[in-house]
Amino acid sequence: MDIVYIRELEIQTVIGIYDWERKIRQTVSLDLDMATDIRVAAQTEDINLTLDYKAVSKRLIAFIEEAEFLLIETMAERVADIVLSEFPVNWLRLRLGKPGAVTGARDVGVIIERGTRPAQLPL
Ligand SMILES: Nc1nc2c(c(=O)[nH]1)N=C([C@H](O)[C@@H](O)CO)CN2
């Protein structure tokens with residue numbers, strides 16, 4: 001199994017549990033590893049026969065920009081649901097970070113894996 005990935009996709013959104021956070025937009029940063037099979041696309045050079053990382057990115061930007069979650073956990077679960085249900089992906093690993101949310105830390109966040117992990121995928 002192969003991986004199509006997105007790294008450090010930064011999106012502005014309303015996110016957070018505190019009153020002041022409900023009044024501003026903050027940046028979330030997203031890394032996504034998506035298990036798929038790239039071999040047919042590699043042979044044909046047909047974008048329609050692979051997982052289009054631009055299409056995934058545009059869908060997630062549109063969703064997250066409109067969202068107003070309290071917790072990044074909730075956002076992460078919803079993002080995973082979208083990717084698994086709308087794109088040809090059986091398994092994913094998502095890192096969702098909120099850079100600058102904790103003084104002294106560059107980034108904080110969650111990492112989740114969802115779907116059926118391909119047997120030959122290394123840890
Ligand atoms: N596990 C989590 N911890 C915290 C979250 C969160 O979404 N998940 N959120 C906050 C606050 O919104 C924080 O980011 C404000 O600086 C605190 N902890």
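Every heavy atom of this structure was used, including side-chain atoms; hydrogens, water molecules and symmetry mates were not. We count ligands from 1, going down the list as the structure has it; atoms in each ligand are counted the same way.
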Checklist entry - Do Arg114 and Glu77 meet the salt-bridge criterion of a basic N to acidic O distance under 4.0 Å? => result yes
Item to check | Salt bridge present between Lys98 and Glu21 (N-O < 4.0 angstrom) | outcome: yes
Heavy-atom protein neighbour under 4.0 angstrom from [atom]:
{"atom": "atom 18 (N) of ligand 1", "value": "no"}
{"atom": "atom 11 (C) of ligand 1", "value": "yes"}
{"atom": "atom 14 (O) of ligand 1", "value": "yes"}

Side-chain ([X]) to main-chain ([Y]) donor-acceptor, under 3.5 angstrom:
{"X": "Thr50", "Y": "Ala41", "result": "no"}
{"X": "Arg22", "Y": "Ile17", "result": "no"}
{"X": "Asp31", "Y": "Glu8", "result": "yes"}
{"X": "Gln43", "Y": "Val40", "result": "no"}

Checklist entry - Should the heavy atoms of other residues, nucleotides or ligands under 6.0 Å from CZ of Arg78 be counted, would the total exceed 12? => result no
Can you name the atoms of ligand 1, numbered from 1 with element, that are less than 4.0 Å from a heavy atom of [X]?
{"X": "Lys98", "answer": "11 (C), 12 (O), 13 (C), 14 (O)"}
{"X": "Glu73", "answer": "1 (N), 2 (C), 6 (C), 7 (O), 8 (N)"}
{"X": "Leu71", "answer": "6 (C), 7 (O)"}
{"X": "Tyr18", "answer": "11 (C), 15 (C)"}
{"X": "Gly16", "answer": "12 (O)"}

Next on the checklist: Would you say Glu10 and Thr27 are linked by a side-chain donor-acceptor pair, where the criterion is simply a distance under 3.5 Å?
Outcome noted: no
Checklist entry - In the protein, what heavy atom is nearest to atom 7 (O) of ligand 1, and what distance, to one decimal place, separates them? => result Ile72 N, 3.0 Å
Item to check | Heavy atom of the protein closest to atom 16 (O) of ligand 1 (residue, atom name, distance) | outcome: Ala101 O, 3.1 Å
Checklist entry - Taking distance alone, with no angle check, do Trp20 and ligand 1 share an N/O pair under 3.5 Å? => result no
